[in-house]
Amino acid sequence: MQTAANTAATNIAPPEKLTIHPAWVRLTHWINAVAMLMMVGSGWEIYNASPLFPFVFPKTITLDGWLAGALLWHFAAMWVLAVNGLVYVALGLATGRFRRKLLPIRPAEILGDLRAALARRLAHDDLAVYNAVQKALYLGVILAGIIIVASGLAIWKPVQLKALTALLGGYDAARFVHFFAMAAIVLFLIVHVVMAFLVPKSLWAMIRGR
Ligand code: HEM
Ligand code: HEM
């Protein structure tokens, strides 16, 4: 889909000069990627101290190897993650990027594009336009990001934020919400990174902007 802004830009600059991802998207994206890895690694170590399920995460993939260290990592990186995430969401809404790039999103198109992707028939000619599967995944992970921050706050300050904790079903339920949001983000990340390396020019665009 060609938006009005795209059309206008196409008229004044050759396509190779067009910026696909403005600097604020690239900066917040990579800060988020680093912060997320720290949060996942430390979160797994915290989980190991009192597992919700009959398994633990191998020490080789957790951050810092002991509970107190992991908690310090978690509570330090959360500020980076939350402030950076707020900037990204605020600018995504204010600049109209979310509306332009991630909407509209129709279930029939997601199914069609998913079939095409699995048959390796999905074109990636125009990196400035996301296909329906990308739209769904990006919107989904932004939502998971909001849920993980909200549930994290609910288990961090269950007394001060008791309304939020109650909204999530109480302290124990909020822990499960936090865990499943982490699982969704990690699943997204695996697919996302595989796709980035299968379509390397998309990775370049997220680094250089075009
Ligand atoms: C503002 C953001 C966040 C806050 C305030 C927060 C806070 C917390 C707190 C308080 C705990 C529990 C500590 C305990 O049980 O004593 C926790 C556990 C955990 N966090 Fe976060 N967190 C945040 C973001 C994240 C993110 C982004 C991830 C991963 C993507 C994550 C993954 C985990 C995991 C896996 C656990 C262990 C789950 C459990 O066993 O309860 N957290 N977090
Ligand atoms: C080191 C790991 C990562 C790599 C290599 C990577 C790579 C990329 C690339 C190449 C794009 C542009 C792809 C495209 O054209 O569709 C992109 C976009 C995006 N990535 Fe990542 N990413 C990483 C981590 C993450 C994480 C941890 C999250 C969130 C939890 C995330 C969320 C997003 C979102 C929401 C977009 C769309 C941004 C927008 O257009 O506003 N990425 N990523």
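None of the values given here were measured: they were computed from a predicted structure. No hydrogens, no waters, no symmetry mates; every other heavy atom, side chains included, goes into these values. For the single chain, residues carry numbers from 1 onward in sequence order. When a ligand or atom number is given, it counts from 1 through the structure's own listing order.
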Ligand 2-proximal atoms of L189, by part, heavy-atom distance under 4.0 Å: side chain
Atom indices of ligand 1 within 4.0 angstrom of L153 heavy atoms, with elements: 5 (C)
Heteroatom proximity flag, H178 to ligand 1, N/O under 3.5 Å: yes
Residue portion contacting ligand 2 (non-hydrogen atoms closer than 4.0 Å) for N32: side chain
M39, M38, E45: member with heavy atom nearest to atom 3 (C) of ligand 1: M39
Closest protein heavy atom to atom 18 (C) of ligand 2, given as residue, atom name and distance to 0.1 Å: M206 CE, 3.4 Å
Residues that R121 engages under side-chain contact (heavy atoms from CB on, under 4.5 Å), provided they are two or more places apart: A116, A119
Side-chain touch M195/S202, heavy atoms, less than 4.5 angstrom: no
Ligand 2-proximal atoms of H29, by part, heavy-atom distance under 4.0 Å: side chain
Selection from I155, L81, L67 by shortest heavy-atom distance to atom 9 (C) of ligand 1: I155
Which atom of P22 lies closest to which atom of I20, heavy atoms considered: CD-O, 3.8 Å
Per-residue contact class, V186 against ligand 1 - non-hydrogen pairs under 4.0 Å: neither
Side chain, backbone, both or neither: W204 near ligand 2, heavy atoms under 4.0 Å: neither
Heavy-atom nearest neighbour in the protein, as seen from atom 38 (C) of ligand 1, with distance rounded to 0.1 Å: Y47 CB, 4.2 Å
Under 3.5 Å: N/O of Y130 near N/O of ligand 2: yes
Distance-only N or O hit between ligand 2 and Q134, under 3.5 Å: yes
Ligand 1 contacted by W79 (non-hydrogen, < 4.0 Å): no
Heteroatom proximity flag, R175 to ligand 1, N/O under 3.5 Å: yes
Nearest-neighbour protein heavy atom for atom 37 (C) of ligand 1, which is reported as residue plus atom name and distance: G43 O, 3.2 Å
Contact (N/O only, under 3.5 Å) between S50 and ligand 1: no
Part of K101 within contact of ligand 2 (heavy atoms, under 4.0 Å): neither
Ligand 2 contacted by F188 (non-hydrogen, < 4.0 Å): yes
